[in-house]
J.: 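Here it is, the structure, as structure tokens.
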2 protein chains.
Amino acid sequence: MGVTPIHAIAPEHATHHGTPRCSACSLRAICMPPELTADEFARLDALICTTRPIRRGEALYRTGDTFQSIYAVRAGSFKTVVMHRDGREHVTGFQIAGDPLGLDGICAGKQNCDAIALEDSVVCIIPFAQLEAICREMKPLQHHIYQLMSGEIVRESRQMLLLGTMTAEQRVATFLLNLSKRFKARGFSSAEFHLRMTREEIGCFLGMKLETVSRMFSKFQREQLVQANGKMVRIVDPEGLAQV
Amino acid sequence: MGVTPIHAIAPEHATHHGTPRCSACSLRAICMPPELTADEFARLDALICTTRPIRRGEALYRTGDTFQSIYAVRAGSFKTVVMHRDGREHVTGFQIAGDPLGLDGICAGKQNCDAIALEDSVVCIIPFAQLEAICREMKPLQHHIYQLMSGEIVRESRQMLLLGTMTAEQRVATFLLNLSKRFKARGFSSAEFHLRMTREEIGCFLGMKLETVSRMFSKFQREQLVQANGKMVRIVDPEGLAQV
DNA sequence: CGAGTCCTTGACCTCGATCAAGCGGTGTGG
DNA sequence: CCACACCGCTTGATCGAGGTCAAGGACTCG
């Protein structure tokens, strides 16, 4: 069976690979500041004039690549992986449609992690130097970029809290509820979804081994909190899950 | 004995509390983009016209406070603490002279953590709305702020790697080497320094209990890697520490 | 249909948490 | 000025959550 992303872009946009338009994008509300004028959208459309398809398992960028653009996930999903010189790996995040990618590269002019597609995916390419130029003239967009980056900082500090203080059980519960919330924000079911990542990748994100992740799924199943069948997950009792 | 910060600002600046000047600040190289003209510095000095002293144990801001400004540590040191509704706490970072504070507040317009002074300290106050305005006109400063925020993202993802994959021993070693590097970058000794935080705060930052932190200090002492006497730390064998 | 991946489950072990005791330095009140 | 209380730190003994190792099952893909 081919890989068909559940969270796909609408077909009428998918055909416009050469000329995507933010002004017409279904992810506009997630990606973009709300109060842009038609004229401002036109300038954005001129900036973000290319998309790029990435096959499952391939890298959008790798650690050390020269930083030039940031990206927005248009369809599909990614993981970002940082690596220690001794080979230790850690997944720092999973990005789905509407999420930004590449913000870590601005700092040193080189990407600081690998971004790997979890399924066949498409990203919008946003040349950063040009984005900066437009931001100097478009206050709402400028502020939006600051918010985006600050949001990433907040997300990561929450993840540190999770890694630093929670039990394996609480981490997995938090992970599922977070995914659920994000799917809901994008108009998909918050109760039932398809995990695009393996147990090992989840474990690597949550700071535990894949066996432990599996055991927690089984435990939640037994306690009637979720129904998990391989990568299909159905959240039965979100409140119960939240107070694990 | 009073609390005398080792890493103090030079006396001639300490007296200028009402009118700090970036152009004359010893932390300029850490805080600011390198290539500003005199004119540009003048505009910055006009923006950052106030400092604020914070006593040991007091908060610069708390979670939920309305976000208006970002800050730069001018003297002293801070910890940032996030809290889960159930009371679980986690230290997300320690900030010393030259480090930024408050970037997490841009996202939601409210601060997302508590920033607590570890000793009597002074911060520079940078009103964010005005900073944004200046950034629209000063390209190097604009880029610097993006780099600052990206740097915070990178720092946090390194901390996630630490929390997710390292043993207690490796975490403490990494922590000491990181502090050492930062002190060195500010012109202080990289070999010997005074910890301003308690074992408990270190543990809370590294995802372990204070007893474990203490045991690791003792272990490193036995192995001749560091000499630790309460809060005074001397790094004897940085290479050895690095390959723990 | 067979090989490879991914997932689940069991048995055992280890690292770090927990509990507990004691020490040294500091600040405070008599 | 001393006694005492408190806080932060160290160290030992014990325990348990999660890691490790191993076996087998379910799916996918060539």
Side-chain angles (χ1 to χ4, degrees), chain A residues 1-4 55-57 79 88-91 116 118-120 162-176 194-223 226-233 244, chain B residues 1-4 55-57 79 88-91 116 118-120 162-176 194-223 226-233 244:
Chain A
M1 193 189 81
V3 179
T4 52
R55 297 273 193 68
R56 177 183 183 178
K79 64 172 175 179
R88 243 187 311 242
E89 277 191 11
H90 186 76
V91 173
I116 313 287
L118 296 175
E119 59 190 308
D120 292 358
L162 177 146
L163 291 169
T165 71
M166 294 190 187
T167 65
E169 189 182 17
Q170 293 168 330
R171 293 181 202 193
V172 175
T174 304
F175 169 71
L176 289 174
H194 184 182
L195 300 174
R196 308 316 300 217
M197 65 296 281
T198 67
R199 299 287 189 266
E200 179 159 30
E201 288 162 335
I202 297 173
C204 199
F205 177 57
L206 298 178
M208 66 186 78
K209 293 294 156 181
L210 68 104
E211 293 95 326
T212 307
V213 176
S214 184
R215 278 183 240 275
M216 293 307 140
F217 273 73
S218 302
K219 187 161 190 282
F220 291 151
Q221 182 112 313
R222 250 179 283 126
E223 294 169 348
V226 310
Q227 282 166 28
N229 184 346
K231 298 202 160 158
M232 267 328 282
V233 171
V244 152
Chain B
M1 192 188 84
V3 180
T4 52
R55 296 272 194 69
R56 177 183 185 180
K79 64 173 177 179
R88 244 187 310 244
E89 277 192 11
H90 187 75
V91 173
I116 313 287
L118 296 176
E119 58 191 308
D120 292 357
L162 177 146
L163 291 169
T165 72
M166 294 188 187
T167 64
E169 189 183 16
Q170 293 167 330
R171 292 181 202 193
V172 176
T174 305
F175 169 71
L176 289 174
H194 184 182
L195 300 175
R196 308 317 298 218
M197 65 296 281
T198 66
R199 299 288 189 265
E200 177 159 31
E201 287 163 336
I202 296 172
C204 198
F205 177 57
L206 298 177
M208 66 186 76
K209 294 294 155 179
L210 69 104
E211 292 95 328
T212 306
V213 176
S214 183
R215 278 184 240 276
M216 293 308 139
F217 274 72
S218 303
K219 187 161 190 284
F220 291 151
Q221 182 111 313
R222 250 178 284 127
E223 295 168 349
V226 310
Q227 282 166 27
N229 184 344
K231 298 203 160 157
M232 263 335 274
V233 171
V244 151

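Chain naming here is simple, since letters A, B, ... match the order of the sequence lines and numbering starts at 1 in each.
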J.: Using whole Å, what does the distance between atom P of nucleotide D:dG18 and atom NZ of A:Lys219 come to?
T.: 10 Å

J.: Determine the minimum heavy-atom distance between B:Glu89 and A:Thr165, stating which atoms define it.
T.: O-CG2, 3.4 Å

J.: What's the CD-C1' distance between A:Gln221 and C:dT9, to the nearest Å?
T.: 14 Å

J.: Restricting to side chain to side chain contact (heavy atoms under 4.5 Å, CB included), what partner residues turn up for A:Thr174, sequence neighbours left out?
T.: A:Leu162, A:Met166

J.: Looking at A:Arg55, is its backbone amide N or carbonyl O close enough to the side chain of A:Asp120 to form a donor-acceptor pair, meaning the two atoms are under 3.5 Å apart?
T.: no

J.: Between atom CD in A:Glu119 and atom P in D:dT28, what is the gap in whole Å?
T.: 16 Å

J.: Write down the distance between CZ (B:Arg56) and C1' (C:dG27), rounded to a whole number of angstrom.
T.: 12 Å

J.: State whether the side chain of B:Ser214 and the backbone N or O of B:Leu210 hold a donor-acceptor pair below 3.5 Å, judged by distance alone.
T.: no

J.: Roughly how far apart are B:Leu163 CG and B:Met208 CE, rounded to 0.5 Å?
T.: 8.5 Å

J.: Restricting to pairs with a member in residues 204-213 of chain B, which pass salt bridge (charged side-chain N to carboxylate O under 4.0 Å, His left out), not counting sequence neighbours?
T.: none

J.: Using atom NE2 of A:His194 as one end and atom C1' of C:dC6 as the other, report the distance to the nearest whole Å.
T.: 12 Å

J.: Note the angle between the end axes of the helix from C:dC1-D:dG30 to C:dG30-D:dC1, five pairs defining each, rounded to 10 degrees.
T.: 40°

J.: Restricting to non-hydrogen atoms, name the atom on A:Ile116 and the atom on A:Gly57 that form the minimum distance, rounded to 0.1 Å.
T.: CG2-O, 3.6 Å

J.: To the nearest angstrom, how far is A:Leu206 atom CG from D:dA17 atom P?
T.: 19 Å

J.: What's the closest nucleotide to the B:Lys209 side chain, out of D:dG19, D:dG18, C:dA17?
T.: C:dA17

J.: Take atom CE of A:Met232 and atom C1' of C:dC6, then tell me their distance rounded to the nearest Å.
T.: 17 Å

J.: To the nearest angstrom, how far is A:Met208 atom CE from D:dT20 atom C1'?
T.: 16 Å

J.: For a quick check of understanding: with a heavy-atom distance under 4.0 Å over all strands, which category does B:Gly203 fall into, base, sugar-phosphate or nothing?
T.: nothing

J.: For residues 199-207 of chain B, please give each side-chain donor-acceptor pair under 3.5 Å, one per line with the distance, not counting sequence neighbours.
T.:
residue  : atom : partner  : partner atom : Å
B:Arg199 : NH1  : B:Gly230 : O            : 3.4
B:Arg199 : NH2  : B:Gly230 : O            : 2.7
B:Glu201 : OE1  : B:Thr198 : N            : 2.9
B:Glu201 : OE2  : B:Lys79  : NZ           : 2.9

J.: Go through the structure and list residues passing side chain to side chain donor-acceptor pair (under 3.5 Å) with B:Lys231, not counting sequence neighbours.
T.: none

J.: Heavy atoms under 4.0 Å is the rule here; annotate nucleotides 6-15 of chain D 5' to 3' with B where the base is hit, S where only the sugar-phosphate is, and - elsewhere.
T.: ---SBBBB--

